[in-house]
Amino acid sequence: MISLTLPDGSKRTFDGPVSGLDVAADIGPGLAKAALAVRIDGEMRDLDFLIEKDSAFSVVTSKDEDALDLIRHDAAHIMAEAVQELYPDVQVTIGPSIENGFYYDFARSDKFTPEDLVVIEKRMHEIVKRDEKIERSVRPRDEAIEFFKDMGEHYKAQLIEAIPAGEEVSLYSQGDFIDLCRGPHLPSTGRLGKAFKLTKLAGAYWRGDSNNEMLQRIYGTAWANEKQLKEYLHMVEEAEKRDHRRLGREMELFHLQEEAQGSVFWHPKGWTMYRILQDYIRGKLEDADYAEVNTPQLVDRSLWEASGHWEKFRENMFISESEDKVLAIKPMNCPCHVQIFRQGTRSYRDLPLRMAEFGSCHRNEPSGALHGIMRVRAFTQDDAHIFCTEEQITAETKAFCELLLDVYKDLGFEEVAVKFSDRPPVRAGEDETWDKAESALKEATEAAGLSWTLNPGEGAFYGPKLEFVLRDAIGRDWQCGTMQVDFVLPERLDASYIGVDGEKHRPVMLHRAILGSFERFIGILIENHAGRMPMWLAPVQVVITTITSDADEYAHEVMGALLKAGFRAELDIQNEKINFKIRKHSHAKVPAILVVGKREAEEGTVALRRLGGKDQEILAIKDAVDILAVEAKGPLA
RNA sequence: GCCGCCGUAGCUCAGGGGUAGAGCGCACCAUUGGUAAUGGUGAGGCCAUAAGUUCGAUUCUUAUCGGCGGCACCA
């Protein structure tokens, strides 16, 4: 007798072992038809999984969140089947489901072309139509290795070799295609439906290791129904319009050119945004009791050797020479800050000492890593180092997390993904120290009310790390803020303070940045707001424009009032129709347009029009200025 | 850096072995108009760079540089 508990709490009993599909059918024929998989005691299983003991039971249909994973994974398999049918020389490797879709990596000497994707996709639809049964089987590990080797699937064999001897592996087959897979899968290829599309072709290293050969990866997207697919494709299209590289040009914020690869040419409007952001951060740091400094761009090799960067970071450093000296353009500010700390004798009374710099850094990033202004070779960090005692780590970290969240909120980011990276395999410092650093960082993060996901082994060589990650319009994640605990650099560069006991002690160094870099953060800001910046950040806050030239003189008067009130305002008395000018400034994403014509000139009013709005508001000049002034007030004011 | 794709006017793109075209933008002229494109005229290009094939290359080939998408990297 087997008793199954359904999601609503009710129970069903069966005389003996039953398959998931049987249970679904027992509940209702409609459900059986819609069933894609079942969930038994929380584990997703194939529909024909035989249930042999009392369990919690639920049916997974296309309406479930989990179903997408299943669908995407199946789409990957069906793609692999299609590829193997079309190109028998190909070896299959790995094909997981990912966010929004799936991919599969293939090994093949001939290259896939974009045209091939069309053919493969067509074949996938045929396989769905064939509605091949998807069947699970189990083989002993060694037998499975032989099996795949015989098939010429050496990558698969290699994967199984990583599984401990004596274990069994599960295989899934559909038609003539068989793949190593943990499952679960749909009962047949027909269940995939039509809501999928192959999207791009890319290279990817075997097992993610750049020492290995490169495979050919095909990406696709897959959804529960065609409506979802259509929505997704539309969303991607819309997101492309928010790309900061495109908006940067359209809004005349900045440009990049090959003579200065990886460096930004900031135009007046972009630089205005940059300065506003910098002033804002500077204000926040002053409030939080940081002291701003500025340190050299060119620093002798010897300091980088002492800090360890020459050894660990040399490849990414730009080098210059002068007379017989080798100088590095600083890739980071930390060693310089330590130099300031080291001047004179420090007391425990000086701690925590918070030293901030808008530090201009250069890193010779691999060419393939560059991306708009998000990943550049010359950038400015909103960097700071907090020199403190071990006891102060928790309080400082907590205060930093709060400051960061505060800033992010002001800038329009309510949700931040936090990643905690713990000790890497190769590291400096004792395990005991790492224990201390990691738990202090964790504790403080929790105290700040943050939850994180673990990035195992991804910490810096000198200490654990918190990463604050924001997502761009296209769904790419970018690390912006960071907080790192460092016990190593103070030691290497001999930073010390005199403690209460009159003895020398090593301070701990906390490396931290809120924005990460101005370049990256402004890129994210542009995409997050789709270029429609809140008024306090908008490079041009208000445009005054005229209906006819009769109002030119009055428009100047209004302009004067706005300038006097401190607005970043522009006057447009171009001899064009008002429709044209409204359109022009709307495209430029100016938050407010003040239209003046004969009427307004006579009455001393302005017609206020908001970006994207249809209505206008007739206001006295003073009232308009007052209303806009409230909106233009930044978070610091 | 690696794999693939791409490089034609400021931007978006068409074209194609006989030295180039559109729309937008820009300039000039006319137009003075009530909230997302007024009309006309005109100026812009060593067709990324270099070599090769050819009577002739922007078009074909190769290399270089750069861009894009991934991968790897990202203290």
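Chain A is the first sequence line, chain B the second, and so forth, proteins listed ahead of strands; every chain is numbered from 1.
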Checklist line | Lys584(A) atom NZ, neighbour heavy-atom count above 12 within 6.0 Å | finding: yes
Item checked: More than 12 heavy atoms from other groups under 6.0 Å of CD on Glu315(A) -> no
Under 4.0 angstrom, heavy atoms only, what part of the nucleic acid is [X] near: base, sugar-phosphate, or nothing?
X: Lys581(A); result: nothing
X: Ile578(A); result: sugar-phosphate
X: His371(A); result: sugar-phosphate
X: Thr548(A); result: base
X: Gln484(A); result: sugar-phosphate
X: Gly612(A); result: base
X: Tyr205(A); result: base
X: Arg476(A); result: sugar-phosphate
X: Gly463(A); result: nothing
X: Arg609(A); result: base
X: Glu576(A); result: base
X: Lys577(A); result: base
X: Arg610(A); result: nothing
X: Ala202(A); result: base

Taking the [atom1] atom of each, how far is [N] from [M], in whole Å?
N: rG39(B); M: rC13(B); atom1: C1'; value: 25 Å
N: rC74(B); M: rC5(B); atom1: P; value: 28 Å
N: rA14(B); M: rA30(B); atom1: P; value: 38 Å
N: rG67(B); M: rA43(B); atom1: C1'; value: 28 Å
N: rU19(B); M: rU58(B); atom1: P; value: 11 Å
N: rC24(B); M: rC68(B); atom1: P; value: 28 Å
N: rG23(B); M: rC6(B); atom1: C1'; value: 22 Å
N: rA48(B); M: rG10(B); atom1: P; value: 12 Å

Rounded to whole Å, how long is the line connecting atom [atom1] of [X] with atom [atom2] of [N]?
X: Met214(A); N: rC5(B); atom1: CE; atom2: P; answer: 14 Å
X: Leu201(A); N: rC2(B); atom1: CG; atom2: P; answer: 18 Å
X: His244(A); N: rC68(B); atom1: NE2; atom2: C1'; answer: 13 Å
X: Glu602(A); N: rG34(B); atom1: CD; atom2: C1'; answer: 14 Å
X: Leu256(A); N: rG67(B); atom1: CG; atom2: P; answer: 9 Å
X: Asp552(A); N: rU32(B); atom1: CG; atom2: P; answer: 14 Å
X: Lys598(A); N: rU35(B); atom1: NZ; atom2: P; answer: 16 Å
X: Arg249(A); N: rC68(B); atom1: CZ; atom2: P; answer: 11 Å

Check: Okay, side chain of Asn212(A), backbone of Trp206(A): is any donor-acceptor separation there less than 3.5 Å?
Finding: yes
Quick one: which of [options] gets closest to the side chain of [X]?
X: Arg520(A); options: rU31(B), rA72(B), rC74(B); value: rC74(B)
X: Ser549(A); options: rU32(B), rG4(B), rG33(B); value: rU32(B)
X: Gln616(A); options: rA72(B), rG34(B), rG70(B); value: rG34(B)
X: Asn575(A); options: rU31(B), rC65(B), rA36(B); value: rU31(B)
X: Arg245(A); options: rC71(B), rC73(B), rC68(B); value: rC68(B)

Item checked: Listed once per pair and sorted, the salt bridge (Lys or Arg N to Asp or Glu O under 4.0 Å) pairs that draw on residues 600-618 of chain A, sequence neighbours left out -> Arg610(A)-Glu631(A)
State whether the distance check finds a donor on one side and an acceptor on the other, under 3.5 Å, for side chain [X] versus base [N].
X: Arg246(A); N: rC11(B); result: no
X: Glu600(A); N: rG34(B); result: yes
X: Asn579(A); N: rG33(B); result: no
X: Arg217(A); N: rC71(B); result: no

Next item on the list: Would you please say whether a donor-acceptor pair under 3.5 Å links the side chains of Arg207(A) and Tyr155(A)?
Entry: no
Check: Any side-chain donor paired with an acceptor under 3.5 Å for His337(A) and Glu357(A)?
Finding: yes
Note to self: Checking Ile522(A) against Phe254(A) for the side-chain contact (heavy atoms from CB on, under 4.5 Å) test, could you report, in this order, the C-alpha distance in whole Å, the side-chain angles of both residues, the deciding distance, and whether it holds?
What the structure shows: CA-CA 11 Å; Ile522(A) 290 173; Phe254(A) 58 82; 5.7 Å; no
Check: When you look at Lys465(A) and Thr482(A), which way does the side-chain hydrogen bond (donor to acceptor under 3.5 Å, both in side chains) test go after all the steps?
Finding: CA-CA 7 Å; Lys465(A) 171 172 129 182; Thr482(A) 184; 5.7 Å; no
Under 3.5 Å, N/O pairs linking protein and nucleotides 22-25 of chain B:
none

Notebook entry, point to check: Is the phosphate of rG66(B), meaning OP1 or OP2, less than 4.0 Å from a side-chain N or O of Gln261(A)?
Noted result: yes
Item checked: side-chain contact (heavy atoms from CB on, under 4.5 Å) assessment of Phe413(A) paired with Leu525(A) -> CA-CA 9 Å; Phe413(A) 300 94; Leu525(A) 259 183; 3.9 Å; yes
Notebook entry, point to check: Is rG44(B) in the syn range, within 90° of 0, or in the anti range?
Noted result: syn
